[in-house]
There are 2 protein chains.
Amino acid sequence: MDRAVFRAFQILEAVSRARDPVRLSSIAADLDLQKSTVHRILQTLGTMGYVSQEAETGRYRATLKTWELGSGVLSEHPVKRAAAPFLEELHRLTGETVSVMVMAGDDVLYLDKIISPRPVRFTTRAGSRVAAPLTAGGQAMLALEPDARAILERIAERLRGERELDVELLLTALEAVRARGYATSRNNPAVVSIGGAILGQDGRAAGALSVSAPTERTDADKQTLIIESVRVTCTRMAETLGRL
Amino acid sequence: MDRAVFRAFQILEAVSRARDPVRLSSIAADLDLQKSTVHRILQTLGTMGYVSQEAETGRYRATLKTWELGSGVLSEHPVKRAAAPFLEELHRLTGETVSVMVMAGDDVLYLDKIISPRPVRFTTRAGSRVAAPLTAGGQAMLALEPDARAILERIAERLRGERELDVELLLTALEAVRARGYATSRNNPAVVSIGGAILGQDGRAAGALSVSAPTERTDADKQTLIIESVRVTCTRMAETLGRL
DNA sequence: CCCCATTGTTCCGTGTAACGGAACGTTATT
DNA sequence: AATAACGTTCCGTTACACGGAACAATGGGG
């Protein structure tokens, strides 16, 4: 285990995650490293082109090379590739914001989305993570997950304080989700989300599609339209994905 | 300069760039490293979650975590952020495939694009690099670049053998581009591209927008429509970008 | 069917380069 | 003016990354 490599990625993660340029000292403090160590590694990352330093303040930021490094990975990802036409279809059917996501640990990871042209826009962007049970797509995937209980318990522990989750309640909710084939989320009261799982060959979820719409312009008819659109699109995508 | 860190990123680049999973031995051969060194670093990258190993073949591939690492960088990039509404507008005006790009070394780096819904699709994806003078957007940016000559000479050297560039001819062409405010590219005879530079505060190009359309459905009227759309959208975006 | 080449992996002695701590010069803040 | 915090540089010590060789496991060719 190369310690310097481990630390270098910790540092690049810290720099990359922050939306504003970050101070060397704060990195050293956060990661509990010596300033000189952080400085040396940042300089290495700098000569490789992954970080740059603001001339005035001395703070560091990640460059587009960091983005380039991973950008090819997504475009080769089977779920993201297969999803593209179905995302477009779902967007066309509903006219709302649509997303593809996969499970990543206990979170959902948004791979791609098409944003509604209408005024209401949402904050989750491609590349962001959200605890799975907080999203409609995540619930749809958890409903197919054998050890959903373990995941829910870990997340309940993780979110303790900021958000209380009732694991038993959620588990029974997941049974209902599995029965009817889609999940809804009212995580944010101003937004209603409908998510469906994309069934993989192993019986678990290969990913999920979801539609998010402002509550105020979503009456009962619109909601049933979205639900049916999600269901048919997910099953058709699962068929396509199975044929690869 | 941390040698292990340097090598780790070399290795991750090699793994990430390949579209198929890659063999440990081929990495060691390509980078002229010892197999044991590559193995140790790959294992470090594996425990950090950036690469995974195929169970059957033993080959390595980059994971979505590699993508996550950089995904936030792009969304914070000023040109990419500012471009979003103008990309949409340009797409709406022309109905064709539109792209934003910036200079990255001697190449253009595609940041984002909206793909035409019509059948013809193109291979360049967001995150890919192309030698600047081979693209309409790149030419538009080079036209504002003081040391365009040096860039052209380096690229002519780099492409020697696969593609011959006449530096003097290109330089006079760039003057014409600067005069009329847009560039065209017939790099691929089946596709016509129109690119315009987004003027930055320093008089150089902050980035470029381009429209690519199949030659067969682009008559003279359509082409002038595209040219005007590119020009007005680029100037309006430059104004917006200047106000930040 | 055996052999040889190649794969990924493991082991180990050696030497280097990554490490922590302290001191440095600058720039803000009080 | 004094203090604090910043990024940077220096340096002696030793942990740990290194290269080379040997390893078991596959797979293809003769």
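Quantities reported herein were computed from a predicted structural model and do not represent experimental measurements. These values consider heavy atoms only, across backbone and side chains, with no hydrogens, waters or symmetry-generated copies.
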Give the rounded distance in Å between these two atoms: CD of Q10(A) and P of dC19(C). 11 Å
Identify, between I41(B) and R59(A), the residue whose nearest nucleotide on DNA chain D lies closer to the 5' end. R59(A)
On DNA chain D, nearest-nucleotide positions of A4(B) versus Y60(A): which is more 5'? Y60(A)
Rounded to whole Å, the CG-P distance (D2(A) to dA17(C)) equals 14 Å
H39(B) side chain near dG8(C) phosphate (N/O to OP1/OP2, under 4.0 Å): no
When you measure from the side chain of N188(B) to the backbone of A190(B), do you find a donor-acceptor pair of N or O atoms at a distance under 3.5 Å? yes
Considering just the side-chain nitrogens and oxygens of R23(A), establish if one lies under 4.0 Å of OP1 or OP2 belonging to dT27(C). no
Under a 3.5 Å cutoff, is there a donor and acceptor pairing between the side chains of R59(B) and T57(B)? yes
Which heavy-atom pair separates G49(B) from K65(B) by the least distance, and what is that distance? O-CB, 3.4 Å
Given atom CE of M1(B) and atom P of dA17(C), what is their separation to the nearest angstrom? 12 Å
What range of DNA chain D does chain B touch, first nucleotide to last, counting atoms under 4.0 Å from its heavy atoms? dA17(D) to dG20(D)
Shortest non-hydrogen pair, A183(B) vs A136(B), comes out as CB-O, 3.4 Å
Donor on one side chain, acceptor on other, T44(A) and R3(B), under 3.5 Å: no
Classify the nucleic acid contact of R7(B) as base, sugar-phosphate or nothing, counting any heavy atom under 4.0 Å across all strands shown. sugar-phosphate
Does CZ belonging to R19(A) count more than 12 external heavy atoms closer than 6.0 Å? no
Say you draw a straight line from CZ of R129(B) to OH of Y110(B); how long is it, rounded to the nearest 0.5 Å? 12.5 Å
How close or far is atom C1' of dG8(C) from atom CD of E54(B), stated in whole angstroms? 14 Å
What are the residues of residues 29-38 of chain B, sorted by number, that bring a heavy atom to within less than 4.0 Å of DNA chain D? Q34(B), S36(B), T37(B)
So with a 6.0 Å cut-off around CZ of R236(B), is the heavy-atom count from everything else above 12? no
Please give, in whole Å, the distance from dT7(C) C1' to L42(B) CG? 14 Å
Figure out the CD/C1' separation between Q43(A) and dA17(C), and round it to whole Å. 15 Å
Are F9(A) and F9(B) near enough that their ring centres are under 6.0 Å apart? yes
